[in-house]
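Scope of the values below: all heavy atoms of this structure, side chains included, with no hydrogens, waters or symmetry mates. Predicted, not measured: the structure shown is a model, and the values here were computed from it.
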Amino acid sequence: MVELNVQVAHELPLPAIGMRNVLVVDDVAVMRTIISRVLRNLQVESVQAADGREAFKLLSNQTIDAVITDIEMPNWSGFDLVDAMRRSKDQRVATMPVIVTSTLGSKAIARKARRYIGVYFLPKPISVTRLSVTLKMIATSRWLHERFSDGRRICL
């Protein structure tokens, strides 16, 4: 049984629960900058890439806790990046949480994102509150899993 004190969870900074560095992937430099500023305000560092192919290369030589990627980009789209990540032999990359974003807030894109484990969809423009809540949910889930995957009871 898990009792989660929402106020305590809200007040915990993201780095305290393991969300320290996020890869921001978007072909529009201004969008990368905006998202990186939001992350900085949440005390999270960021690394930037202009497309999925560049992002995938960065994943192998950077310490990244999550990815935020646009869907529509040249070279590799956001879903091309997610496909490559999920096929990776590196389990850290294969299981890394991904937030996909798009100006095309269609239900079809949201459904496609839900087909993947650990992939979340946020429509653009990205709400700072929704991004913060999604990152805290991801970080809290991973934090709990790492500490209590042996079946111990969780009491918060």
Side-chain angles (χ1 to χ4, degrees), residues 6 9-147:
V6 175
H10 179 71
E11 292 174 5
L12 279 174
L14 282 163
I17 52 177
M19 187 63 63
R20 292 176 185 85
N21 203 8
V22 172
L23 175 57
V24 179
V25 189
D26 200 304
D27 58 320
V28 179
V30 171
M31 286 306 302
R32 292 192 307 268
T33 301
I34 290 169
I35 294 170
S36 292
R37 283 185 185 155
V38 169
L39 291 169
R40 191 175 320 118
N41 289 340
L42 296 170
Q43 302 173 17
V44 175
E45 297 297 319
S46 64
V47 177
Q48 298 182 14
D51 64 49
R53 183 175 293 151
E54 180 185 349
F56 191 71
K57 290 176 185 173
L58 287 171
L59 288 172
S60 63
N61 57 15
Q62 297 276 336
T63 302
I64 304 290
D65 299 308
V67 174
I68 300 172
T69 184
D70 187 26
I71 299 282
E72 297 178 333
M73 295 180 291
N75 298 321
W76 281 15
S77 72
F79 284 127
D80 291 334
L81 172 60
V82 172
D83 286 337
M85 289 173 68
R86 294 304 180 249
R87 289 190 316 266
S88 175
K89 291 181 182 4
D90 181 344
Q91 282 303 299
R92 181 186 59 83
V93 173
T95 60
M96 187 175 296
V98 179
I99 299 171
V100 295
T101 66
S102 179
T103 54
L104 305 172
S106 76
K107 292 180 182 179
I109 290 178
R111 274 194 305 274
K112 185 171 182 176
R114 284 193 299 264
R115 284 189 224 153
Y116 297 95
I117 294 172
V119 175
Y120 308 86
F121 174 70
L122 292 178
K124 285 183 178 177
I126 298 173
S127 154
V128 173
T129 301
R130 290 179 95 184
L131 178 58
S132 175
V133 166
T134 303
L135 289 170
K136 283 198 177 194
M137 177 192 67
I138 291 167
T140 302
S141 175
R142 292 188 110 190
W143 185 88
L144 289 169
H145 184 268
E146 288 169 4
R147 282 152 185 82

Could you tell me if the side chain of Thr103 sits less than 4.5 Å from the side chain of Met31, heavy atoms only?
no
I need the Ile35 CD1 to Arg40 CZ distance, nearest 0.5 Å.
13.0 Å
Is the number of heavy atoms from other residues, nucleotides or ligands under 6.0 Å of Gln48 CD greater than 12?
yes
Measure across Arg86 and Val93 and return the closest heavy-atom pair with its distance rounded to 0.1 Å.
NH1-O, 3.7 Å
Run the side chain to side chain donor-acceptor pair (under 3.5 Å) test against Asp27 and tell me which residues pass, sequence neighbours left out.
none
Would a 4.5 Å heavy-atom cut-off, applied to side chains only, mark Gln62 and Leu23 as touching?
no
Heavy atoms, side chains only, cut-off 4.5 Å: are Leu14 and Lys136 in contact?
yes
Under 3.5 Å: donor-acceptor pair, side chain of Asn21, backbone of Asp65:
no
Could you report the tightest heavy-atom contact between Ser88 and Ala94, atom names first, then the distance?
O-CB, 3.6 Å
So Asp70 and Lys124, do their side chains get closer than 4.5 Å, heavy atoms only?
yes
Given Val98 and Thr69, is the side chain to side chain contact (heavy atoms under 4.5 Å, CB included) satisfied, shown in steps?
CA-CA 7 Å; Val98 179; Thr69 184; 3.9 Å; yes
Distance col, row Met19:CE vs Leu135:CG, nearest 0.5 angstrom, shows 5.0 Å
So, Glu54 side chain and Ala50 main chain: donor-acceptor pair closer than 3.5 Å or not?
yes
Working to the nearest 0.5 angstrom, can you tell me the gap between Asp26 CG and Ile68 CD1?
10.5 Å
State, to 0.1 Å, how close Gly52 and Met73 come at their nearest heavy-atom pair, and which atoms those are.
N-CE, 3.8 Å
Assess whether a salt bridge exists between Asp90 and Arg92, defined as any Lys/Arg side-chain N lying under 4.0 Å from an Asp/Glu carboxylate O.
yes
Side-chain contact test, heavy atoms from C-beta onward, threshold under 4.5 Å: evaluate it for Val67 versus Leu59 and give yes or no.
yes
Would the distance check show the side chain of Asn41 and the main-chain N or O of Val38 forming a donor-acceptor pair, the cut-off being under 3.5 Å?
no
Check: Arg53 side chain, Trp76 main-chain N or O, donor-acceptor pair, under 3.5 Å
no
Which pairs of donor and acceptor atoms, one on a side chain in residues 115-123, lie under 3.5 Å apart (sequence neighbours left out)?
{"unit_1": "Tyr116", "atom_1": "OH", "unit_2": "Asp83", "atom_2": "OD1", "d": "2.4"}

How about Arg130 and Ile99: do any of their side-chain heavy atoms sit closer than 4.5 Å?
no
Would you say Ser60's side chain and Lys57's backbone share a donor-acceptor pair under 3.5 angstrom?
yes
Is there a donor-acceptor pair under 3.5 Å between the side chain of Ser141 and the backbone N or O of Met137?
no
Testing the basics here: between Pro13 and Gln43, what is the closest heavy-atom pair and its distance to 0.1 Å?
CB-OE1, 3.3 Å
What are the two closest heavy atoms between Pro74 and Asp51, and how far apart are they?
O-CB, 3.4 Å
